[in-house]
Every structure is written in C-alpha cells, then in structure tokens.
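Just below is one structure, and these are the notes that go with it.
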Amino acid sequence: MIVRLAQQADRPGFLTLAAEVEHWFGPMVAEPGFHAALDEHVRDHRALVVPDDGDPAGGLLGGLLFGTEAPVYRVHWLVVSELARGRGVGRALMAEAMRRFGPGTVELVTFGADHPGAGEGGSRAFYTSLGFTPAEPAAPGPEGGSRQVFRRTVERDVSVRPE
C-alpha cells in the first residue's frame with residue numbers, strides 16, 4: 001500500500017471521500033470552506049493519500065489532513081473509503097502522519113462514547129488501538145452528536161527524516 005503526499009490532482013478523490021461521510025460531519029462537497037481548507041493542506045504538504053491503484057480515474061482509498069504546529073500536532077480529517085475499511089488504509093495513513101510529528105502531542109476529535117458512529121470497530125476503537133487515549137469532550141458535531149478529544153504523546157523527534 002502506498003501512502004504519499006496529496007497533489008491537486010487528488011482533489012476529486014478527496015471530494016468523493018467527503019461525500020461518503022457528510023451524514024456524520026456535515027456538508028463538505030459543496031462548501032467553499034472545505035475546498036479552501038483542502039487546497040491549503042495540499043499546498044502546504046499537510047495532506048496524505050492512499051491512491052486506489054485499481055481505479056484508472058485516480059480515486060482514493062483514504063485521505064488525511066493534518067496540522068504541523070509543534071508541540072501539539074492535530075489530525076484534522078481522516079476518511080477511509082467505505083469499500084476499503086478494515087484493510088489497513090487508516091492505519092497506514094496514521095503511521096505516515098505520526099512519522100512526520102514529534103516530539104510533542106497529537107490530538108484529534110472523534111465521536112463521543114454515546115454517538116451512534118462510535119460502535120464496536122469504529123473510530124474510537126481505531127484510535128485507541130493506535131495508542132490514543134480519550135480526553136475531554138469537544139463541541140458536538142454538525143449532526144448534533146457528541147465528540148471527544150483523543151490524545152497521544154510522541155516522544156521521539158522524527159520530524160527531519162528524509163522523504
């Protein structure tokens with residue numbers, strides 16, 4: 001599986017991923033603010049993708065947008081295509097992002113424990129399996145569901161590894 005920095009040509013793939021999760025995260029595909037954030041992350045080399053090698057149209061199996069402000073790094077958005085879930089795509093994206101962080105703390109916001117999307121095998125279990133721990137509550141999501149911050153410490157400096 002290849003994880004690489006996103007390029008402008010990946011924009012349609014990101015929008016396809018966004019369309020799959022708008023029911024949990026609110027409108028994105030038609031929102032100029034989402035497009036601007038996506039373009040900024042790609043331009044600033046803060047976006048990762050796993051391309052779908054079997055898709056001649058250049059689709060994506062997953063995408064991740066992240067922040068690089070030390071000492072608290074943030075995972076802004078991680079989506080894996082519904083057809084690719086359970087195949088290690090999210091784990092590969094997070095591993096590459098984590099190689100780019102450190103030392104410091106990595107934070108993200110995901111579903112709260114009482115959210116319907118937090119079921120067994122969902123995002124909370126995924127992030128816990130990567131060493132993140134639940135922290136304080138966050139503002140509710142656009143659909144009104146609960147959200148919670150998850151946090152993990154990065155102890156080694158891996159921010160200067162060769163590309």
Side-chain angles (χ1 to χ4, degrees), residues 1-68 73-102 106-112 115-132 138 141-143 145 147-152 154 158-159 161-163:
M1 179 176 320
I2 296 171
V3 177
R4 64 169 171 75
L5 285 170
Q7 305 163 358
Q8 278 298 336
D10 295 315
R11 196 173 202 265
F14 270 106
L15 296 177
T16 298
L17 291 171
E20 287 189 24
V21 296
E22 285 186 320
H23 62 288
W24 294 124
F25 301 108
M28 291 177 277
V29 175
E31 289 297 316
F34 179 75
H35 289 256
L38 175 58
D39 291 342
E40 179 183 326
H41 280 82
V42 171
R43 183 183 60 249
D44 294 345
H45 307 289
R46 297 181 295 121
L48 300 170
V49 295
V50 173
D52 182 351
D53 294 332
D55 182 359
L60 301 177
L61 297 178
L64 186 147
L65 306 178
F66 60 93
T68 56
Y73 304 96
R74 290 189 169 80
V75 175
H76 296 150
W77 194 76
L78 169 63
V79 175
V80 174
S81 169
E82 188 172 338
L83 296 174
R85 291 181 192 150
R87 295 178 27 202
V89 173
R91 189 170 292 280
L93 285 164
M94 284 299 295
E96 180 58 28
M98 296 298 285
R99 280 192 278 279
R100 295 168 183 272
F101 301 149
V106 179
E107 289 185 349
L108 57 93
V109 175
T110 193
F111 300 128
H115 192 283
E120 192 171 319
S123 63
R124 293 175 64 85
F126 170 71
Y127 291 119
T128 300
S129 77
L130 296 178
F132 286 83
E143 83 300 348
R147 297 290 194 270
Q148 187 170 12
V149 174
F150 272 54
R151 200 172 275 125
R152 177 180 166 185
V154 178
V158 293
S159 59
R161 78 169 186 47
E163 291 294 319

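These numbers come from a predicted model, not from an experiment. Atoms considered below: every heavy atom in the structure, side chains included; atoms not considered: hydrogens, waters and symmetry mates.
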Distance, nearest 0.5 Å, that separates [atom1] of [X] from [atom2] of [Y]:
{"X": "L60", "Y": "L48", "atom1": "CG", "atom2": "CG", "value": "11.5 Å"}
{"X": "L108", "Y": "F66", "atom1": "CG", "atom2": "CZ", "value": "14.0 Å"}
{"X": "R46", "Y": "L5", "atom1": "CZ", "atom2": "CG", "value": "12.0 Å"}
{"X": "W77", "Y": "H41", "atom1": "CH2", "atom2": "NE2", "value": "10.5 Å"}
{"X": "E40", "Y": "L65", "atom1": "CD", "atom2": "CG", "value": "10.0 Å"}
{"X": "T68", "Y": "R74", "atom1": "OG1", "atom2": "CZ", "value": "11.5 Å"}

Any side-chain heavy atom of [X] sitting closer than 4.5 Å to one from [Y]?
{"X": "R91", "Y": "M1", "answer": "no"}
{"X": "V42", "Y": "R11", "answer": "no"}
{"X": "D10", "Y": "Q7", "answer": "yes"}
{"X": "F132", "Y": "V106", "answer": "yes"}
{"X": "F14", "Y": "V49", "answer": "yes"}
{"X": "V21", "Y": "M28", "answer": "yes"}
{"X": "F25", "Y": "F34", "answer": "no"}
{"X": "M94", "Y": "Y127", "answer": "yes"}

Would a line drawn from the ring center of Y73 to the ring center of F101 be shorter than 6.0 Å?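 Here the rings of F101 and Y73 have centres that are less than 6.0 Å from each other.
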Trace of the side-chain contact (heavy atoms from CB on, under 4.5 Å) decision for F150 with L130: CA-CA 11 Å; F150 272 54; L130 296 178; over 6 Å; no
Salt bridge present between E96 and R4 (N-O < 4.0 angstrom):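 Here E96 does not pair with R4 in a salt bridge, since their nearest N and O are not under 4.0 Å apart.
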Return the minimal non-hydrogen interatomic distance between [X] and [Y], and the atom names on each side.
{"X": "P142", "Y": "G26", "value": "CG-N, 3.5 Å"}
{"X": "L64", "Y": "A97", "value": "CD2-CB, 4.0 Å"}
{"X": "L17", "Y": "S81", "value": "CD2-N, 3.6 Å"}
{"X": "R124", "Y": "T110", "value": "CG-CG2, 4.1 Å"}
{"X": "V109", "Y": "A138", "value": "CG1-CB, 3.8 Å"}
{"X": "G63", "Y": "L93", "value": "N-CD1, 3.6 Å"}

Are more than 12 heavy atoms, taken from residues, nucleotides or ligands other than E82, located less than 6.0 Å from that residue's CD atom?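 Open.
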Could you please spell out the steps behind the side-chain contact (heavy atoms from CB on, under 4.5 Å) verdict for E31 and E22? CA-CA 11 Å; E31 289 297 316; E22 285 186 320; over 6 Å; no
Please evaluate residues Q148 and F111 with respect to the criterion side-chain contact (heavy atoms from CB on, under 4.5 Å), reporting the C-alpha separation (whole Å), side-chain torsions for both, the decisive distance (0.1 Å), and the verdict. CA-CA 6 Å; Q148 187 170 12; F111 300 128; over 6 Å; no
